[in-house]
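Throughout, a chain's letter reflects where its sequence line sits, starting with A, and its residues are numbered from 1.
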Protein chains: 2
Amino acid sequence: MTEPLPLLPAQAEPPSGQVDLTLTQTEEQPRLRADAARNRTRLLEVAAELAAERGIGNVSMEAVATAAKVGKGTVFRRFGDRAGLMLALLDHHEQQLQAAFLMGPPPLGPDAPAAERLRAFGPAVLRHERAHRDLYVAAHADLARHYLSPANHLRLGHLALLLRQLKAPGDIELIAHTLLGYLSTLLADHLLTERGMSMERLEAGWYDLVERLGAAA
Amino acid sequence: MTEPLPLLPAQAEPPSGQVDLTLTQTEEQPRLRADAARNRTRLLEVAAELAAERGIGNVSMEAVATAAKVGKGTVFRRFGDRAGLMLALLDHHEQQLQAAFLMGPPPLGPDAPAAERLRAFGPAVLRHERAHRDLYVAAHADLARHYLSPANHLRLGHLALLLRQLKAPGDIELIAHTLLGYLSTLLADHLLTERGMSMERLEAGWYDLVERLGAAA
DNA sequence: CACTTAACCGGACTGCGGTCCAGTTCTGTT
DNA sequence: AACAGAACTGGACCGCAGTCCGGTTAAGTG
């Protein structure tokens, strides 16, 4: 909780081979050694596989290590901790979403007016998170890290950009956080599952929110 | 993750002696046996003590059990799991806050106009959570339960009430959730600590939010 | 191509959260 | 007061996250 944080080289997101991380700006990756890179991809593949067949909640770190024919220590060295592995797994999916709203077609992509992009952002995220619910929940088990994750940072920046283009009044950064909070996996899941709300209702709520918080004074 | 949930009598909030839980409506408490009630209070006392001296993060369930001269199983039977114990610990503090905005003096209490109460709610919660930061973070480690906790439910209901009194347009429940999300312990902590924002800025953000989301159409 | 060194590897080890169940203690009933 | 059964108790037990460190291997240097 307030530890000195031993070593943990802080290298949780080094890309490997075909994996392209240019989207989520990784502050700098120290370049993995060849064997280490190989192991990393194998670990991710195996983890995804196990998650698919028995549910991510029933995949222990040790199981991943064993299935990838690697020592447990290796897994932890690479990903730091369980949440780190989840985050890495998630990263792949996240990139699809990011591509959609950074370079995709309207109304999400850059060829639509800002107001429309902002509107479209909500449902896109809601649906995306719903599709990968388990993983998001598991990954954000450590909530503190969540706010620091590149993915979250990117979303935040995107929203702030759109809001600025719209000349939205007020504290843009805080408003962006508020909007993102509305899209939180756990909140959406709670409202849909526990409270029995419909996706349409959540989307309508988003449109309303965007209208009131994004409109120029 | 999708288990049948063995027993867990779902009795996590039975009051004991002087502890008054009428505020956070506890759906029904099966009345603890005399010895069990005694143990419960001792456990909470001991836990609070240990938390105070070595930080809540460094207090294991076993340590609490031992210090209270009780078996480990007893602790888990009483509180379900670690988060349950945290929640119970938190409950006491939470009641102070609840009393403040349910029955306290203006501008928080019922003798002030709704708009003022709504405005005052934000800073009150922000400051309260900041004061008990560690505990909130530990307790909400299990985020799914968080949305179901009586405390959260009460806050939500309170906000919804005020919004309704203000004749705020839109989907009241969703707006209440959005507002509450802005006050999330973890978000606030992130903004204050990591992003170096000032408390004043967060409060100003709240006032702005309330004005735009609470104003009648 | 030999050599140095930094990085990596694996698996034994620790501590904790959570479960289980045989034995004990309370509470309501007659 | 005696009894039956429900509720509680405690500690042995399990599996997993995360640490540690002696041995190994890859990447720069001449």
Exercise for the section: Mind calculating the distance between CZ (Arg82(B)) and P (dA17(D)) to the nearest angstrom? Expected result: 17 Å
Problem - Out of dA17(D), dG17(C), dC9(C), whichever nucleotide has its closest atom nearest the side chain of Ser60(A) - result: dA17(D)
Practice task
Report yes if the side chains of Thr74(A) and Arg77(A) come closer than 4.5 Å at any heavy-atom pair, otherwise no.
Solution key: no
Handout entry: Below 4.0 Å: OP1/OP2 of dC9(C) and any side-chain N or O of Asn39(A)
Key = yes
Exercise for the section: Starting from the 5' end of DNA chain D, give me the residue, Val70(B) or Ala83(A), whose nearest nucleotide shows up first. Expected result: Val70(B)
Exercise for the section: For Phe76(A) and dC13(C), give me the distance from atom CZ to atom P, rounded to whole Å. Expected result: 18 Å
Handout entry: Whole-Å distance separating the CZ atom of Arg40(A) from the P atom of dC9(C)
Key = 12 Å
Handout entry: Pair His146(A)-Tyr136(A), side-chain donor/acceptor within less than 3.5 Å
Key = no
Practice task
Considering just the side-chain nitrogens and oxygens of Thr74(A), establish if one lies under 4.0 Å of OP1 or OP2 belonging to dG10(C).
Solution key: yes
Practice task
Can you tell me the distance, in whole Å, between the CD atom of Glu62(A) and the C1' atom of dT19(D)?
Solution key: 13 Å
Handout entry: Out of dG18(C), dG17(C), dC8(C), whichever nucleotide has its closest atom nearest the side chain of Met61(B)
Key = dG17(C)
Fill in the blank from the handout: Interatomic distance, CG@Leu179(A) vs CG@Leu159(A), rounded to 0.5 Å, equals 6.0 Å
Practice task
Would you mind telling me which of dC8(D), dC9(C), dG18(D) lies closest to the side-chain atoms of Arg77(A)?
Solution key: dC9(C)
Practice task
Report the C-alpha separation of Val125(B) and Glu129(B) in whole Å, then their side-chain angles, then the decisive distance to 0.1 Å, and conclude whether the side-chain contact (heavy atoms from CB on, under 4.5 Å) test is met.
Solution key: CA-CA 6 Å; Val125(B) 171; Glu129(B) 289 186 340; 3.8 Å; yes
